[in-house]
Protein chains: 2
Amino acid sequence: MYEELRNELKKRKYRITAQREMILKIFLESKGRHLGVDEVYRELLNRNVRVSKATVYRAVELLVELGFLRKLNFGEGLYRYELIDRSTRESHQHVICQKCGKIVEINSEQVKKIVSDISEKTGYVIKWHDLKFYGLCPECQKEESKAPESGQRTEISEEG
Amino acid sequence: MYEELRNELKKRKYRITAQREMILKIFLESKGRHLGVDEVYRELLNRNVRVSKATVYRAVELLVELGFLRKLNFGEGLYRYELIDRSTRESHQHVICQKCGKIVEINSEQVKKIVSDISEKTGYVIKWHDLKFYGLCPECQKEESKAPESGQRTEISEEG
DNA sequence: CTACTTGCAAATGCTTTGCAAAATT
DNA sequence: AATTTTGCAAAGCATTTGCAAGTAG
């Protein structure tokens with residue numbers, strides 16, 4: 001993957017730097033996680049890699065541009081990034097528990113249908129999509145039935 | 001609708017204020033638009049209604065809580081709000097042109113299917129969802145074919 | 001050696017908050 | 001009269017940016 005990064009960088013006349021490789025490395029070693037800039041930054045500090053946060057900001061945006069990362073927004077007031085599977089480039093759907101925050105990723109075959117339906121209805125050529133589903137995970141459903149309407153509501157509420 | 005707002009406020013022990021009604025009014029008179037706090041604020045100034053921006057922030061969040069507005073995020077670095085159809089409470093999908101930014105709202109019947117599919121696969125009870133589709137609107141497709149790869153890329157890239 | 005990248009600190013922009021004054025109940 | 005809401009200014013955060021110093025090609 002580092003080789004791929006070097007190639008992409010060369011191709012687009014960007015320079016190969018240790019910082020860029022280290023930042024991609026963090027994502028490669030945190031597969032499946034959705035990291036915010038601060039988390040990446042802290043992880044680098046943990047590993048005694050001295051980089052500035054500004055560089056992390058610049059690097060993740062570059063990695064998005066080069067197709068290594070996807071920029072995510074769960075309405076928390078910050079952006080998160082996840083590694084893209086460069087072989088399929090396929091996006092998945094995020095299913096988020098509004099009580100405990102657990103995020104499950106799935107891939108529904110129904111997505112293709114809805115995309116073609118929307119394309120047909122609007123005349124738009126759909127390039128990509130962002131599908132989030134909010135609800136209660138199985139564990140939180142159990143708790144919910146034990147103590148229904150128990151007050152503390154997790155303040156997740158955002159859509160787009 | 002103002003009656004409905006007054007009832008909701010009373011029901012939850014909030015007070016009926018001119019500011020809250022005015023802010024809801026802005027949305028009622030801008031149906032179909034996705035307004036940011038600053039836009040609401042400016043619209044109020046245009047109408048010579050003196051309110052502080054802090055009050056707008058507080059009011060829109062309250063209106064979300066009361067079920068009058070939905071909070072949206074198109075990855076621009078700010079939140080937008082749209083009026084909820086309180087009779088159906090149904091959400092629609094946003095189809096966004098990544099070149100000109102035009103947003104079309106549609107309602108695909110496929111959504112029900114994908115929701116039940118996801119529910120089945122994950123065990124989550126889905127309460128609501130947030131579905132965004134990005135691509136090119138018909139007009140921008142034409143321009144694209146005239147001047148393909150013409151440089152200026154609209155920096156829309158965010159997902160969740 | 002030239003051009004790009006980094007680090008730092010300052011700046012930006014949206015949103016939140018503390019508190020006294022104003023308004024609602 | 002008691003309590004909530006508002007306005008204002010300050011504070012809070014995530015993110016961006018200007019610029020000099022460092023580094024890749």
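Each chain gets a letter, A, B and so on, in the order the sequences are listed, and its residues count up from 1.
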Interatomic distance, A:Lys53 NZ vs D:dA14 C1' [rounded to whole Å]: 8 Å
Of the residues in residues 37-48 of chain B, which ones touch DNA chain D at a heavy-atom distance under 4.0 Å? none
Quick one: do A:Lys25 and A:Glu43 make a salt bridge, cutoff under 4.0 Å? no
Check whether NZ of the Lys or CZ of the Arg A:Arg70 lies under 6.0 Å from the centre of the six-membered ring of A:Tyr81 and within 45 degrees of that ring's axis. no
Using the ring of A:Phe74 (Phe, Tyr or Trp, six-membered ring only), decide whether A:Arg80 places NZ or CZ under 6.0 Å from its centre and within 45 degrees of its axis. no
Note down the inter-axis angle between the two ends of the helix from C:dC1-D:dG25 to C:dT25-D:dA1, five pairs each, to the nearest 10°. 30°
Looking at residues at least two apart in the chain, or sitting in another chain, which of them share a salt bridge (charged side-chain N to carboxylate O under 4.0 Å, His left out) with B:Asp117? B:Lys121
For B:Tyr79 and D:dT15, give me the distance from atom OH to atom P, rounded to whole Å. 10 Å
Who are the side chain to side chain contact (heavy atoms under 4.5 Å, CB included) partners of B:Ser30, not counting sequence neighbours? B:Ile26, B:Arg33, B:Leu35
Given atom CD of A:Glu61 and atom P of D:dT16, what is their separation to the nearest angstrom? 6 Å
Once you round it to whole Å, what is the distance between C1' of C:dT24 and CG of B:Leu5? 14 Å
Please enumerate all residues that pass salt bridge (charged side-chain N to carboxylate O under 4.0 Å, His left out) together with B:Arg6, with sequence neighbours excluded. B:Glu3, B:Glu21
Just by distance, with hydrogens left out, do A:His34 and A:Glu105 show a side-chain donor and acceptor under 3.5 Å apart? yes
Who are the side chain to side chain contact (heavy atoms under 4.5 Å, CB included) partners of A:Ser52, not counting sequence neighbours? A:Ala54, A:Thr55
Rounded off to whole Å, could you give me the CZ-to-P distance for the A:Arg6 and D:dG25 pair? 10 Å
Between C:dG18 atom P and B:Tyr57 atom OH, what is the distance in whole Å? 17 Å
Atom pairs, N/O to N/O, protein against nucleotides 8-10 of chain C, distance under 3.5 Å?
unit_1, atom_1, unit_2, atom_2, d
C:dC8, OP1, A:Arg50, NH1, 3.2

Between atom NZ in A:Lys10 and atom P in C:dC4, what is the gap in whole Å? 18 Å
Sequence-distant partners of B:Lys11, salt bridge (charged side-chain N to carboxylate O under 4.0 Å, His left out), two or more places apart: B:Glu8
Under 4.0 Å between a Lys/Arg side-chain N and an Asp/Glu carboxylate O for B:Lys71 and B:Glu82? no
To the nearest Å, how far apart are A:Asn73 CG and D:dA14 P? 13 Å
Mind checking what makes side chain to side chain contact (heavy atoms under 4.5 Å, CB included) contact with A:Ser87, not counting sequence neighbours? A:Asp85
Counting only non-hydrogen atoms, which of residues 13-22 of chain B are less than 4.0 Å from DNA chain D? B:Tyr14, B:Arg15, B:Thr17, B:Gln19, B:Arg20
With B:Leu28, which residues qualify under side chain to side chain contact (heavy atoms under 4.5 Å, CB included), at least two apart? B:Met1, B:Tyr2, B:Leu24, B:Leu83
Please name all residues satisfying salt bridge (charged side-chain N to carboxylate O under 4.0 Å, His left out) with A:Lys113, sequence neighbours left out, ordered by chain then number. none
